[in-house]
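The next block holds one structure in the form of structure tokens; read it before the comments.
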Amino acid sequence: MSHFVSTWRMAALSGAAVLALAAAAPAGLAQEADPSAVIRIGSLYEPQNLDNTAGAGQGVTEAFNGNVYEGLFRLTDDGEVEEVLVESYEISEDGLTYTFTLREGVTFHSGDPLTAADVKYSIERVTAPESQSSRRNSLAAIESIEAPDDRTVVITLGERSISLPYNLSYVWIVNDAATELTASADGTGPYRLDDWRRGTSLTLTPFADYWGEAPSNGGVVFTYFTEATAQNNALLTGAIDIIPSVQSPDSLALFDGNPQFTVTEGASTTKELLAYNDRIEPFNNVQVRKALARAIDKERLLASIWGEYGTLIGSFVPPTDPWYVDLTDVDPYDPESARQLLEEAGYGDGFSFTLDTPNYDPHPLVAQFIQNELAQIGVTVEINIITANEWYTKIYQAQDFEATLQEHVNHRDIVFYGNPDFYWGYDNPEVIELIASAEASETVEEQVEKLTEANRIIAEDAASNWLYLYPQIVVSSANVSGYPINGLNSQFFAYDIEKSQ
Amino acid sequence: MRRSLILVFSLAIAAAVLFVLLRLLPGDPASALISVGADPEQIAAARRQVGSDLPLFEQFIHFVSSLMRFDLGTSFVSRTSVAAEIAARLAVTVPLTLMAFALAVVIAVPLGIVAAVRADKWYGAAISVVSQLGIAIPVFWVGILLVAVFAVNFRIFPSGGFPPAGWSDPVATLRALALPTITIAIVMAASLLRYVRSATQDVLGSDYLRTARALGSGFAEALVRHGLRNGAVPVVSILGIELATTFLGAVVVERVFTLPGLGSMLLLGIEQRDYPNVQGVLLISTLIVLLVGFVADIIQRLIDPRLRRSKRSEGR
């Protein structure tokens, strides 16, 4: 009997011990973050140079935006616009004059204090004729910038621009005394540029005199890869800690469900689309465009590329834009009605067109899928593979194409449909008017209402064929946390990243 | 003197051909600077900046005149000196090539001789078969395989990349170059081995070796005293070609291992139509290849007095 009891006691005790261990284990594993740990980020986007007004590409935004340079405002990872170098601002009643008061005690990495003259200089760099900033147009409403004293900046507009604070989030405030910003940097951010080895890495170290909270880590090293496989191997072997934006679906299998890594899906703003040249036949015919939209099974396409990741949106507006509405039901997959629409449009025997396809993933795969789908409604697709460079020359500049595949990465870029000179040549006066007047709105509600309406119209018009929204996937080692998961507009704020040893 | 003139002349021809060929590629170099959203004014500014708005002839004059001043120009995209960037990248590619070459020679020469001398034994035949396999395997595949085994699985070497500190930390750098070096060496040794084997076979069947043995030399002694020197002449010329090929072939391996060498600079330059970068890399590569040929030629003459004599008689 006593033997029986002791066995029971033993069993209970060992059970309790196991439970206690299990409870203690996560606490034991989640070691304290090491504030001096250097975070190694692996990226496929090496900056071409370090100046975002000189055609530097998205890599410089990823590495520098909010880390090395700050703007008057910042687009947070949740899509909110918040003040950074601006302490407060006032808008005149007519909405044409913005008076900004700058934060006090801000210094550049070189030690110079931030003044209104630096802000004026920085904005003018972006709006200058030789500027290669992709956001230059969005600041076209600015008529003049004054700096009446060191802490005050007055911007006068020619017409209302409700997105001004948002658009200013793209403008890096640089030291007006700085030269050679293509290879060096002088910003006000929490990190300063330590070293840039072209083709290899970019090293940022915490800036001791930063006006705000110090970073949670001891610095950041961006390591650059030309191939996703090499990037994955680096994460697998511990050579890097985190991949901010996974571009190869196949690699997810390596990390998914592996306790050594964390896979996070955030809100992406990257849209994969089949854009037509809406100026030419047959793409100038709404029925034809709608037929093509209904002929492609986007759910199957997305699943075949990204598996369970990614989203269908039915238009150009991602869910993080304030004017998002779900438009996937406008032209749902329905090959039968697609055939009917073609018949009505006078293309009962189908037609053929050339699809200019960028030579990098996932476009060639998507092109083949489209080719198969459209063949089923009698439309023949000739796939023409081109380089990124040819894409810009032939499609973007010369607008010499029938249809093309492209990914558009930015937040809030529905405005492209309001520009009839844009490469896809969509020209609907109602949409142009809505988009233009939305910018002149007096309230955000009015702006949202107008852009939502514009969004509906482009979807009804099947202006382009919006295939899917890419997933935004971050993969990190399990001991790394605190990173942004949405990466809106290719930003990647590094200051809150923590790593335990 | 005559050889130096040939060298300069070859370089000039190469430069002109490069200039024309690059401009035949579709695409405008200004495209690397613009982004979606750029308006016509920005596109025009980009074209002005890279000079693609100028007539081809004027671009050529610019190119030639800066070459005359030994100026390789400034990258369109990064706006940095092409010469400085090439110098930085040579610090990766040259050591990589030389180490791979040395390793390949160390593997191929003894094995090649064994394969020839012991062709009738099983291991001689095995060496030949394995070398055939080595030639058939693409270099990037060898690279991927080595990464999978030695980097991802066993974690002995890094899977790629180059240490940010560069050569100031030689141990880390050598570790980073280990797998790429082995990759190139394996593929290179395989083809080199065949040349060594056939050169040795020629020597084995030669009259002078038979004579030497008839005069009482042992087989090994005859081979070392007479055979090696004779066999070395064709091997040296092949070595020169192989070295040059390795240098150029490092492109693929640099890609697999993400090394910031000359090859990756060339690939990126071509993608971006960054003419100054591409021209600079190709000119320097041409120069290096010509120099390697030049040196191989001199070595051959040093080894084989007959070559020196035949040149003199040609001169007359």
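Sequence lines set the chain letters: A, B, ... in the order given, protein chains first and strands last, and positions in each chain run from 1. The figures here come from the full heavy-atom set of this structure, side chains too, leaving out hydrogens, waters and symmetry mates.
Taking a 6.0 Å sphere around CZ of B:Phe19, one finds it holds more than 12 heavy atoms contributed by other residues, nucleotides or ligands. Counted within 6.0 Å of CH2 on B:Trp141, heavy atoms from surrounding residues, nucleotides or ligands total 12 or fewer; the atom is thus considered open. Environment of CD in A:Glu180: sparse, with no more than 12 heavy atoms of neighbouring residues, nucleotides or ligands closer than 6.0 Å.
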Side chain to side chain contact (heavy atoms under 4.5 Å, CB included) between A:Gln48 and B:Leu33, intermediate numbers included: CA-CA 9 Å; A:Gln48 306 307 323; B:Leu33 298 181; over 6 Å; no
Trace of the side-chain hydrogen bond (donor to acceptor under 3.5 Å, both in side chains) decision for B:Thr258 with A:Thr226: CA-CA 6 Å; B:Thr258 325; A:Thr226 42; 4.7 Å; no
Steps toward side chain to side chain contact (heavy atoms under 4.5 Å, CB included) verdict (A:Thr387, B:Glu271): CA-CA 8 Å; A:Thr387 63; B:Glu271 271 167 31; over 6 Å; no
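The CG atom of A:Asn233 sits 9.5 Å away from the CZ atom of B:Phe257 when rounded to the nearest 0.5 Å. In this structure, CZ in B:Arg273 is found 4.5 Å from CG in A:Asn389, a value given to the nearest 0.5 Å. Annotation: the span from A:Arg136 atom CZ to B:Ser35 atom OG amounts to 11.5 Å, rounded to 0.5 Å. Going from atom CG of A:Leu50 over to atom OG1 of B:Thr80 covers 10.0 Å, rounded to the nearest 0.5 Å.
For the pair B:Ser31/A:Gln397, a side-chain contact is recorded, criterion being any heavy-atom separation below 4.5 Å from C-beta on. In this structure the side chain of A:Arg198 reaches within 4.5 angstrom of the side chain of B:Ser78, judged on heavy atoms.
No donor-acceptor pair closer than 3.5 Å links the side chain of A:Asn49 to the backbone N or O of B:Arg79. B:Gln42 places a side-chain N or O within 3.5 Å of a backbone atom of A:Ser131 that can act as its donor or acceptor partner.
Proximity to chain B (any heavy atom under 4.5 Å) is shown, for A:Ala56, by neither the backbone nor the side chain. Both the backbone and the side chain of A:Phe225 come within contact range of chain B, judged by heavy atoms closer than 4.5 Å. Heavy atoms of A:Phe422 lying under 4.5 Å from chain B belong exclusively to its side chain. Of the atoms belonging to A:Ser134, heavy atoms from both backbone and side chain fall under 4.5 Å from chain B. Looking at B:Val92, there are no atoms closer than 4.5 Å to chain A (heavy atoms on both sides), in backbone or side chain. For B:Pro26, the parts lying under 4.5 angstrom from a heavy atom of chain A are both the backbone and the side chain.
Minimum interatomic distance between A:Ala230 and B:Ser159 (heavy atoms only, all atoms of both residues): O-OG, 4.4 Å. Residue A:Tyr392 comes nearest to B:Val36 through the heavy atom pair OH-N, 3.5 Å, listed as atom of the first residue, atom of the second, then distance.
When the candidates B:Ile144, B:Asp39, B:Leu259, B:Val152 are compared by the number of heavy-atom contacts under 4.5 Å with chain A, B:Asp39 comes out ahead. For the set A:Tyr396, A:Tyr224, A:Trp391, the entry with the most heavy-atom pairs within less than 4.5 Å of chain B is A:Tyr396. Per-residue heavy-atom pair counts under 4.5 Å with chain A were compared for B:Gly27, B:Ala44, B:Ala45, and the maximum is reached by B:Gly27. Residue with the most contacts toward chain B among A:Asn137, A:Asp51, A:Thr182: A:Asn137 (heavy-atom pairs, distance under 4.5 Å).
Ion pair A:Glu130/B:Arg48 not flagged as a salt bridge, since none of the NZ, NE, NH1 or NH2 atoms sits closer than 4.0 Å to an Asp/Glu carboxylate oxygen.
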